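Everything on this sheet refers to the single structure shown next.
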Amino acid sequence: MELADIIIKFVLIVIIFAISLVVAMYSTYAERKVAAFFQDRIGPNRAGPWGILQPLADGGKMFLKEEIIPTNASAFLFIAGPSLAILTACIGSAVIPWGQHLTIGSHVIDLQVTDINVGVLYIFGVVSLGVYGVMIGGWASNNKYSLLGAIRAASQNISYEISMGLSIIALLMLTGTLSLREIAEQQHGFWSHGWFTWNVFRQPLGFLIFIVCAFAETNRTPFDLPECETELVGGYHTEYSSMKLGFYLFAEYINMFISSAVMATLYFGGYNFPFMHHLGLTENWVTILGVIALFAKIIFFIFFFMWVRWTIPRFRYDQLMDLGWKILIPLAIANIVLTGVIGTIFK
Amino acid sequence: MNTFYFIAFLSIFFSILVISAKNPVHSILYLVLTFFTFTIQYILLNAQFLAIVNFIVYMGAILVLFLYTLMLMNLNKDSEPFKSNIVKIAAVLGGGCLFVVLFACFRQVGIAEPVVLKDPGLGLVKNLGKVLFNEFLLPFEISSLLLLSAMVGAVLLATKDPKTV
């Protein structure tokens, strides 16, 4: 690998990292504005015009608050919990293809940090690791409410990972590859051979299962039982204050961003948009428009996450387990069989 | 090769911490780190699929369940079961016997020729799938049956007997 390549990769990583953080910051603002809109309020409007400096004010508050580590907590793990949560949230973006490729001079830059041939499984692994941050933090707090939140997070994550994996298997039967780049390439354009190219039109049931599981894995309402404030004070982050709490909240928004990006890539064509090669534009312009298209899809999904949060009440715990084990898993298995049968008939 | 020795050292170091840690939750966390070093070893061997599956299944699922169970059990020093001296002596004797057997075995072992894979890309998903579903189809299917029977057994143990309810 040449030095230039290393610098390009490094710059790309920094940009993606910065974008994830900025998107997460403004998701907190957007969440409050969306909530205000749904409840016929105004929402934050004091810091800057329309309140757009609110995330900075929140961040400043988080950093300046007193940091408290409870006396009976295990200090190392208490700090490790939120650190692990934000770490696992950030490393997921490494395999997502953000666009095709830019040609600058003699350099062809792939807008993706790395294209490993087990990309989908990598995302899956990072997601399954995400629960450790919550579990370690909840246990180290040495508080019964935190522990209950941590235990709920663990059982919920494990239960919904199964149906998520099964829904991905049906998708992989269609694509025949685990590389996210190749999956995005297969959904080129919008229409070919008399049918839509985007996977959501080939795997509607799989997408439905996947999005439900994505809600559960990111601990978003209606699946936010680990931090259910009506029963558990604050759930796993009851004892947390200052930026350590901020890391937990931030990790949730980064997870939302990454899972939106994964859903857009796997099912909604990624950086592809209709008529991408009929507009008579150069390659670079198509790539830039593709990146914008991907971000439009991501922002739509983030809005969808918020839309659901402020519309649907939280599940009861037994309903959550029933949905995961008795409805989603059989549906996902039926989806696999259906995909297999249809795939064999129309081969 | 140096990376191998460094990671191998880390594996052994963390696995010793697993058994020497006083707190069971700390033990599990060290076990997570141990499995993580195994994942790195698989990646060094270019077995990407095995690495990521080890990552998902062991670190992401099995150890989360371990941690879950331990957190529920609330193992404190007060509730720790009392171990009598006889048990401790028996454990030392048993461990010593195992050590003697292992030592005797390893004395006989010579340094083997390093195994050279015919195809260095064997660990990639496509090749692995082809090998599993062509050459090793029968063992593969039988092992899936084994897992199914374990699952059925677990469900059977977990469900209450309808007569006693």
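Proteins come first, then strands; the chains are lettered A, B, ... in the order of their sequence lines, and each starts at number 1. Here the structure is a predicted model, which means the values were calculated and not measured. Side chains included, hydrogens not; waters and symmetry mates left out as well; all remaining heavy atoms used.
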Between A:Ile151 and chain B, with a heavy-atom cut-off of 4.5 Å, which part of the residue counts as in contact: side chain, backbone, both or neither? both
With a 4.5 angstrom heavy-atom cut-off, could you sort out which part of A:Val127 is near chain B: side chain, backbone, both or neither? neither
Could you tell me whether the side chain of A:Leu121 reaches within less than 4.5 Å of the side chain of B:Phe55, counting heavy atoms only? no
Any side-chain heavy-atom pair from A:Ile158 and B:Leu65 closer than 4.5 angstrom? yes
Is the count of non-hydrogen atoms from other residues, nucleotides or ligands lying under 6.0 Å from B:Ile86 atom CD1 greater than 12? no
Count the heavy atoms of every other residue, nucleotide or ligand shown that sit under 6.0 Å from CZ of A:Phe76, and state whether that count exceeds 12. no
A:Phe315 atom CZ, over 12 foreign heavy atoms within 6.0 Å: yes
Counting only non-hydrogen atoms closer than 4.5 Å, does B:Leu67 touch chain A with its backbone (N, CA, C, O), its side chain (CB onward), both, or neither? both
Heavy atoms only: give me the nearest A:Ser128-B:Gly60 pair and the separation to one decimal. OG-CA, 3.7 Å
Among A:Val118, A:Asn117, A:Ile162, which residue forms the greatest number of heavy-atom pairs with chain B at distances under 4.5 Å? A:Asn117
Let me know if A:Leu77 has heavy atoms under 4.5 Å from chain B in its side chain, its backbone, both or neither. side chain
If I compare all heavy atoms of B:Tyr68 with all of A:Met135, which pair ends up nearest, and what's the gap? N-CE, 3.8 Å
Heavy-atom pairs under 4.5 Å with chain B: which of A:Ser74, A:Ala150, A:Gly125 has the most? A:Gly125
Is chain A contacted by the side chain of B:Val32, its backbone, both, or neither, given a heavy-atom distance below 4.5 Å? side chain
Has B:Phe66 got more than 12 heavy atoms of other residues, nucleotides or ligands less than 6.0 Å from its CZ? no
pair A:Tyr132-B:Leu63: side-chain heavy atoms closer than 4.5 Å: yes
